[in-house]
> 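The following block contains the structure, expressed as structure tokens.
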Amino acid sequence: MKTTKAAKSTPVKPVAKKAAKKAAKKAAQKATAASGKATGVAKKATATIKKAAAASKKAAPAKTAASKKAAPAKTVAKKAAPAQAAPKKAIVESHAALVRRARRINRELAEVYPYAHPELDFENPFQLVIATVLSAQTTDLRVNQTTPGLFAKYPTPEDLAAANPEEVEEILRPTGFFRAKTKSVIGLSKALAEDFGGEVPGRLEDLVKLPGVGRKTAFVVLGNAFGRPGITVDTHFGRLVRRWQWTDETDPDKVEAAVGALFPKSEWTMLSHHVIFHGRRICHARKPACGACPIAPLCPAYGEGETDPEKARKLLKYEKGGFPGQRLNPPQSYLDAGGIPAPPLGAG
């Protein structure tokens, strides 16, 4: 019985082996399929990466080309910079040396501009104070072209004080800020009529109380209508005294005090005219004509502007350049020096 059972059980082993082989084959096929799919995904991913890399390579030359094209602009800027001469460094000098240099500059300017004068047309203190108030934020030329019509219609403080504001505004329109200026000149005229008997006061403390009148306007009036010395710190005066290193102050009152300490009081009014004349004709804000400047050897800022004499001469203005001045009725000394009167409003 035992031998029979063993004979029956022996055929089972080959069947099991066959089944195992089939299962192994199926498993291998599945694994191969899975690995094939994974390989396909990997290939697609690799292709995508390659495409992205190729695109970035194409983009890179464009940026490089753009940067190469942009690069010369920097090079040009670097090359252009040395064209301007470097201004001189700050002068180290004693106060006494500064006084000597400042006074020498003023003497030189007096020889260049012996005809220097206030560039506002006026016949009396009232006209001068009104014209000076109107000169804010505009040129003296524009004021001189406008005031003849104003004073023809309103010759006295009483007349202007009683004027119709709208009519005054229309006259003052060419000077800019005409509404505010109308308010100032009418208010100023009322104050003169009511508080000073229709006369312009000759004291600084009284003048600065008038509407629209500050220290600058007051000194213009005192120096040119009353013969009382004063320093007029306008934009030209402040710019030049800082260029010449007379002071580094920017506040007009401090500039006035600092410069006033360098000169005798008797010279203050003409000093103002000399400096302002020079600032308007030669020592401009943006392009000073350094190559045509008579005080170049004394100027620490020489080289900020054009140093070539021929090119510098083309930058000169008014009588120094052969052009009309700012006054319609300039003094005879100005005309004798070759000055040309300004044209009236609307004359070209």
Side-chain angles (χ1 to χ4, degrees), residues 91 93-120 122 125 128-129 131-132 135 140 202-204 207-208 213-285 288-289 293-302 317-320 325-327 330-331 333-334 337 339:
I91 292 178
E93 60 187 347
S94 65
H95 180 72
L98 171 59
V99 170
R100 286 195 297 271
R101 184 168 62 86
R103 293 184 181 184
R104 185 179 171 189
I105 287 175
N106 188 39
R107 289 195 300 272
E108 296 283 348
L109 293 179
E111 292 182 8
V112 177
Y113 308 107
Y115 46 80
H117 57 273
E119 293 192 274
L120 290 169
F122 69 98
L128 180 58
V129 70
T132 308
S135 69
D140 288 354
R203 298 193 310 163
L204 176 65
L207 283 168
V208 295
V213 177
R215 288 180 68 87
K216 185 189 84 170
T217 297
F219 281 128
V220 169
V221 174
L222 290 173
N224 298 286
F226 294 99
R228 296 176 184 174
I231 293 177
T232 303
V233 183
D234 71 349
T235 180
H236 303 287
F237 191 95
R239 182 181 72 253
L240 267 61
V241 299
R242 284 188 289 273
R243 274 183 178 168
W244 296 335
Q245 295 181 20
W246 290 3
T247 180
D248 58 1
E249 298 289 352
T250 56
D251 179 78
D253 292 349
K254 293 180 179 179
V255 171
E256 175 197 324
V259 175
L262 303 176
F263 295 89
K265 192 173 183 179
S266 59
E267 296 182 12
W268 286 359
T269 299
M270 287 310 299
L271 167 70
S272 300
H273 292 325
H274 295 154
V275 175
I276 293 170
F277 254 60
H278 192 60
R280 286 175 170 172
R281 286 149 177 80
I282 297 177
C283 197
H284 313 304
C293 181
I295 60 167
L298 301 171
C299 181
Y302 176 80
K317 294 183 178 180
Y318 304 118
E319 76 284 354
K320 293 301 181 185
Q326 299 205 74
R327 290 187 65 166
S333 59
Y334 180 75

> Just to verify, what does Y318 make a side chain to side chain donor-acceptor pair (under 3.5 Å) with, not counting sequence neighbours?
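Y318 satisfies side chain to side chain donor-acceptor pair (under 3.5 Å) with no residue once adjacent residues are dropped.
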
> So which atom in P294 and which in H278 form the shortest heavy-atom distance, rounded to 0.1 Å?
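Closest pair (atom of P294, atom of H278, distance): CD-CE1, 3.9 Å.
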
> Apply side chain to side chain contact (heavy atoms under 4.5 Å, CB included) to V112 and F277, showing your working.
CA-CA 10 Å; V112 177; F277 254 60; over 6 Å; no

> Could you work out, with salt bridge (Lys or Arg N to Asp or Glu O under 4.0 Å) as the rule, every residue matching R280, not counting sequence neighbours?
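For R280, the residues satisfying salt bridge (Lys or Arg N to Asp or Glu O under 4.0 Å) (neighbours in sequence not counted) are E119, D140.
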
> State which residues pass side-chain contact (heavy atoms from CB on, under 4.5 Å) with K254; sequence neighbours excluded, sorted by chain then number.
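Once residues adjacent in sequence are excluded, the partners of K254 under the side-chain contact (heavy atoms from CB on, under 4.5 Å) criterion are E249, D251.
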
> Are W244 and I295 close enough that some pair of their side-chain heavy atoms sits under 4.5 Å apart?
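Side chain of W244 against side chain of I295, heavy atoms only: contact under 4.5 Å found.
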
> Could you pull out the closest heavy-atom pair between L120 and S135, with the gap in Å?
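Shortest heavy-atom separation between L120 and S135 comes out as CD2-CB, 4.4 Å.
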
> Using 4.0 Å as the upper bound for N to carboxylate O, is an ion pair formed by R100 and E93?
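Here E93 does not pair with R100 in a salt bridge, since their nearest N and O are not under 4.0 Å apart.
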
> When rounded to the nearest 0.5 angstrom, what distance separates SG in C293 from CD in E108?
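It comes to 10.0 Å.
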
> Say you draw a straight line from CZ of R107 to CG of L298; how long is it, rounded to the nearest 0.5 Å?
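So the CZ of R107 and the CG of L298 are separated by 9.5 Å.
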
> Run the ring-ring contact (aromatic ring centres under 6.0 Å, His included) test against H274 and tell me which residues pass, sequence neighbours left out.
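If we apply the ring-ring contact (aromatic ring centres under 6.0 Å, His included) test to H274, skipping adjacent residues, there are no hits.
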
> Nearest 0.5 Å, please: how far is OG in S272 from CG in D234?
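One finds 8.5 Å between CG of D234 and OG of S272.
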
> Can you sort out the partners of R203 under salt bridge (Lys or Arg N to Asp or Glu O under 4.0 Å), two or more places apart, ordered by chain and number?
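E205, D206.
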
> Check ring-ring contact (aromatic ring centres under 6.0 Å, His included) between F237 and all other residues, then give those that pass, not counting sequence neighbours.
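By the ring-ring contact (aromatic ring centres under 6.0 Å, His included) rule, F237 matches no residue at all.
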
> Using modelled atom types and a 3.5 Å cut-off, is there a donor and acceptor pairing between side-chain atoms of Q245 and backbone atoms of I91?
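Looks like yes, one N/O pair under 3.5 Å.
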
> Can you list the residues that meet the side-chain contact (heavy atoms from CB on, under 4.5 Å) rule with A337, with sequence neighbours excluded?
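By the side-chain contact (heavy atoms from CB on, under 4.5 Å) rule, A337 matches Y115.
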
> Enumerate donor-acceptor pairs with a distance under 3.5 Å from any side-chain N or O in residues 257-270 to protein atoms, sequence neighbours excluded.
unit_1: W268; atom_1: NE1; unit_2: G260; atom_2: O; d: 3.4
unit_1: W268; atom_1: NE1; unit_2: F263; atom_2: O; d: 3.4
unit_1: T269; atom_1: OG1; unit_2: G230; atom_2: N; d: 3.3

> Could you name each residue pair satisfying salt bridge (charged side-chain N to carboxylate O under 4.0 Å, His left out) that touches residues 236-245, not counting sequence neighbours?
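Those involving residues 236-245 are R243-E304.
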
> Show me, pair by pair, the donor-acceptor contacts under 3.5 angstrom made by side chains of residues 213-229, not counting sequence neighbours?
unit_1: R215; atom_1: NE; unit_2: E256; atom_2: OE1; d: 3.2
unit_1: R215; atom_1: NH2; unit_2: E256; atom_2: OE1; d: 3.4
unit_1: R215; atom_1: NH2; unit_2: E256; atom_2: OE2; d: 2.6
unit_1: N224; atom_1: OD1; unit_2: H273; atom_2: NE2; d: 2.8
unit_1: N224; atom_1: ND2; unit_2: V220; atom_2: O; d: 2.8
unit_1: R228; atom_1: NH1; unit_2: G202; atom_2: O; d: 2.1

> Please enumerate all residues that pass side-chain contact (heavy atoms from CB on, under 4.5 Å) together with P331, with sequence neighbours excluded.
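With sequence neighbours excluded, P331 shows a side-chain contact (heavy atoms from CB on, under 4.5 Å) to H117, R327, S333, Y334, given in chain and number order.
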
